[in-house]
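Shown next, in structure tokens, is the structure this report addresses.
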Amino acid sequence: MKLIERTLESELLAVVKELYPEIDTAGKLFVQKTGDAKFGDYQTNFAMVTAKALGRNPLEMANEIAAKYVNSSAVERAVVAGPGFINLFLSDKFLGEYVKSARTLGYDFDFMPRRGDVLVDYSSPNIAKRMHIGHLRSTVIGDSIKRIYKFLGYKVTGDNHLGDWGTQFGKLIVGYRRWLNRADYEKSPIEELERIYVEFERRIEAEPEIAEEARVELKKLQDGDPENTRLWTEFVEMSLAEYGKIYGRMNVSFDTNFGESYYHGRMPGVVKGLLDKGIARISEDAAVVFFEESEHLPPCIVRKQDGAFLYATSDLACIQFRREHYEINRIIYVTDDRQADHFRQVFRIADRMGWNEPKVHVPFGFMKFADGMFSSRKGNVILLDDLLDEAVKRARAVIEEKNPGLPDSEKDSVAEKVGIGAVKYADLSKNRVSVVIFDWDKMLSFDGNTAPYLMYTFARIRSMIRKAEEAGKNLREDADIMFHDELERALTMRVTQFPVAVMKAAEAYSPNLIADYLFELCQNYNSFYNALPVLKEKDELLYSRLLLSERVSRVIKTGLDLLGVDTVERM
RNA sequence: GCGCUUGUAGCUCAGCUGGAUAGAGCAACGGCCUUCUAAGCCGUGGGCCACAGGUUCGAUUCCUGUCAGGCGCACCA
């Protein structure tokens with residue numbers, strides 16, 4: 001299906017070209033939804049935008065365009081208003097037909113630059129550490145961006161850029177040999193690895209020799225020592241197994257799990273390339289890239305004095321790898337905003353190497369408690385699993401209260417979906433690049449702009465459709481959607497805006513634009529639902545409202561799916 | 001000090017490449033379940049969109065500056 005905006009723009013363009021053949025209209029004619037129904041459904045500012053350059057009166061131009069814009073397939077009338085707006089009123093027939101035919105929500109996004117692969121980096125936990133709420137935002141936002149681009153028809157690869165090659169492994173190997181509790185390790189491997197890591201940090205002052213030992217073990221690992229490699233592999237595999245459970249629970253997935261170790265082999269070559277091209281130079285025995293003063297960036301070390309490589313080197317190697325193995329459309333990195341400078345450095349360096357495919361850093365504010373930062377040493381982290389458990393527990397309590405008649409097994413599965421949906425949505429519905437203060441009650445709210453509200457709206461519609469079937473009134477795809485009430489028209493208009501909301505979310509890398517849209521859609525629907533009966537109406541109106549309701553449910557389901565939130569039939 | 005980022009209702013936040021009287025949720029108050037799920041709906045109150053300039057027919061949106069908060073600033077990731 002063609003987007004309504006596209007239809008109107010191409011129709012208007014034809015009019016404008018005929019009236020003003022001398023104007024270069026490329027990329028200048030836009031149609032957008034009006035803010036108020038009294039100004040019609042769509043408007044264009046084209047006359048006001050172009051009049052000045054032509055030395056013409058915008059009102060006059062608007063009138064000329066409006067007068068000539070007749071015989072549209074969609075627009076009933078075009079009215080000039082204000083300083084030169086052209087307000088467009090869609091015909092009820094077109095609007096009803098449009099939504100009626102939107103059975104599969106298959107929109108035409110061919111005009112988007114979809115060639116090549118979109119690569120999304122997200123989640124990226126550090127091996128041998130359990131995931132906590134600090135990992136939530138990257139995981140959930142990245143997964144949603146992946147889903148959104150897929151919906152638009154892009155080829156997308158989600159990559160979990162695991163922290164599997166850091167200095168922590170020397171420490172872990174030392175700790176493993178000295179302090180490991182085998183029974184605990186078998187029961188909860190990552191927890192035990194965390195414990196020995198903390199043990200290492202705790203002892204390092206009293207026993208400085210372990211630091212040297214850790215360096216030796218790390219060096220052995222990096223040189224391919226079989227025993228250390230075996231341990232490293234074990235740590236990685238156990239961590240991945242653990243993460244897999246949480247990802248499964250959250251319905252988050254990846255196409256690749258290339259950690260930093262994956263690029264280790266190509267890092268010397270990357271640094272050599274940088275040095276050969278004069279992009280990096282040796283300074284204080286390290287290989288460093290310096291930036292122009294106008295770039296306002298600190299120097300970036302790509303190889304330490306001791307020959308070791310860093311985060312930036314790894315990311316550069318990763319870009320090099322991707323250029324060899326993918327046809328890059330763009331690369332998207334979802335991390336907290338403290339890494340903004342790091343990515344600016346990496347992007348600038350890559351560009352200088354001629355690796356200038358689009359690279360985007362999608363930042364978000366990190367999460368902290370009101371009284372300070374999360375810290376495993378302080379013991380005040382909230383594990384992701386614990387957060388999800390608490391959410392599910394609270395959801396279960398609400399279900400028990402609101403819908404006690406549901407079978408127990410269904411209560412459990414609904415609670416799981418509602419609780420986890422609430423947590424994910426709480427993050428996805430915000431666009432803040434500032435610090436997020438963690439608050440149980442806000443994170444687990446079930447009222448207002450929340451996942452449960454949207455899921456509830458969906459469940460209501462599904463319930464209505466089931467009731468209709470029981471009464472022998474099965475949904476009729478060929479029913480006409482009619483507007484007996486303004487609420488129906490407003491709701492229908494909202495349904496048509498779904499693909500635009502998805503496009504905008506993609507362009508801005510902001511899933512919250514979809515969340516906002518769905519919330520507004522559900523507000524429209526609930527107003528409609530509350531004011532206008534469906535099943536009690538005579539057939540013509542019944543089937544009209546039933547079909548409209550069904551279309552709304554499709555949009556809610558599809559939209560929530562783009563956010564990675566499940567729906568339920570009853571709740 | 002330099003850089004990035006944020007400042008919108010009591011609180012949490014939307015506000016789409018500049019558009020017409022600035023929106024929601026929560027909280028407060030008042031209504032609506034013998035009718036399709038009240039996790040809902042309807043209504044009331046609440047705002048110098050941090051401040052000052054500039055660009056524009058038009059600025060919460062773009063530019064400059066000021067103030068305030070957050071974050072980052074060679075060998076961690």
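Naming convention: chains lettered A, B, ... in sequence-line order (proteins, then strands); numbering from 1 in each chain. Not measured: the values here are computed from a predicted model.
With both pairing distances under 3.5 Å, B:C32 is matched to B:G40 as a Watson-Crick or G-U wobble pair. When Watson-Crick and G-U wobble pairs are counted only if both distances are under 3.5 Å, B:G3 pairs with B:C71.
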Review item, nucleotides 34-36 of chain B N/O atoms under 3.5 Å of protein N/O:
{"unit_1": "B:C36", "atom_1": "O3'", "unit_2": "A:Lys467", "atom_2": "NZ", "d": "3.4"}
{"unit_1": "B:C36", "atom_1": "O2", "unit_2": "A:Leu535", "atom_2": "N", "d": "3.1"}
{"unit_1": "B:C36", "atom_1": "N3", "unit_2": "A:Val534", "atom_2": "N", "d": "3.1"}
{"unit_1": "B:C36", "atom_1": "N4", "unit_2": "A:Tyr529", "atom_2": "O", "d": "2.6"}
{"unit_1": "B:C36", "atom_1": "N4", "unit_2": "A:Leu532", "atom_2": "O", "d": "2.6"}

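Residue A:Glu520 contributes atom CD, which lies 13 Å from atom P of B:A14 at whole-angstrom precision. To the nearest angstrom, C1' of B:A38 lies 12 Å from OH of A:Tyr453. We find that CG of A:Asp447 is positioned 7 Å from P of B:A27, with the value rounded to whole Å. Look at CD on A:Glu295: it is 13 Å from P on B:C4, rounded to the nearest Å. In this structure, the CG atom of A:Asn526 is 12 Å from the P atom of B:G25, given to the nearest Å. If you take CE of A:Met48 and C1' of B:A20, they are 9 Å apart, rounded to a whole angstrom. Protein atom CG of A:Asn449 is 12 Å distant from nucleotide atom P of B:G40, rounded to whole Å. Rounded to whole Å, the distance from CD on A:Gln345 to P on B:C4 is 14 Å.
A sub-4.0 Å separation between OP1 or OP2 of B:A39 and a side-chain N or O of A:Tyr456 is present. OP1 or OP2 of B:C42 has at least one side-chain nitrogen or oxygen of A:Ser527 nearer than 4.0 Å.
As rounded to the nearest Å, B:A28 and B:C11 have C1' atoms that lie 12 Å from one another. The separation of B:C29 from B:G46, taken at their C1' atoms, amounts to 12 Å, rounded to a whole angstrom. With both ends at atom C1', the span from B:C26 to B:C63 equals 36 Å, rounded to whole Å. Annotation: B:A14 and B:C57 have their C1' atoms spaced 28 Å apart (nearest Å). Comparing B:G53 with B:G69, their P atoms are spaced 24 Å from each other, to the whole Å. Rounded to the nearest Å, the gap between the P atom of B:C16 and that of B:U6 is 13 Å. As rounded to the nearest Å, B:G30 and B:U17 have P atoms that lie 42 Å from one another.
Defined by atom type and a distance below 3.5 Å, a donor-acceptor pair is present between the side-chain atoms of A:His342 and A:Asp315.
The cationic atom of A:Arg137 (NZ for Lys, CZ for Arg) does not lie both less than 6.0 Å from the six-membered ring centre of A:Phe366 and within 45° of the ring axis. Stacking of A:Arg6 on the aromatic ring of A:Phe111 is recorded, both the 6.0 Å distance cut-off and the 45° axial limit being met. Cation-pi geometry between A:Lys359 and A:Phe343 is not met at under 6.0 angstrom from the ring centre and within 45 degrees of the axis.
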Worked verdict on A:Tyr333 versus A:Phe347 for ring-ring contact (aromatic ring centres under 6.0 Å, His included): CA-CA 11 Å; A:Tyr333 300 84; A:Phe347 295 171; 5.6 Å; yes
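A salt bridge is absent between A:Glu470 and A:Lys467; no separation between the charged side-chain nitrogens and carboxylate oxygens falls under 4.0 Å. Note on A:Asp485 versus A:Arg545: no salt bridge recorded, every NZ/NE/NH1/NH2 to OD/OE distance being 4.0 Å or above.
For A:Ile301, taking side-chain heavy atoms from C-beta onward, the closest of the listed nucleotides B:A74, B:U12, B:G72 is B:A74.
Here A:Phe39 counts as stacked on B:A20: its ring centre is under 5.5 angstrom from the base ring centre and the planes meet at under 30°.
Contact record, A:Leu218 with A:Gly166: CD1-O, 3.7 Å, taken as the closest heavy-atom pair.
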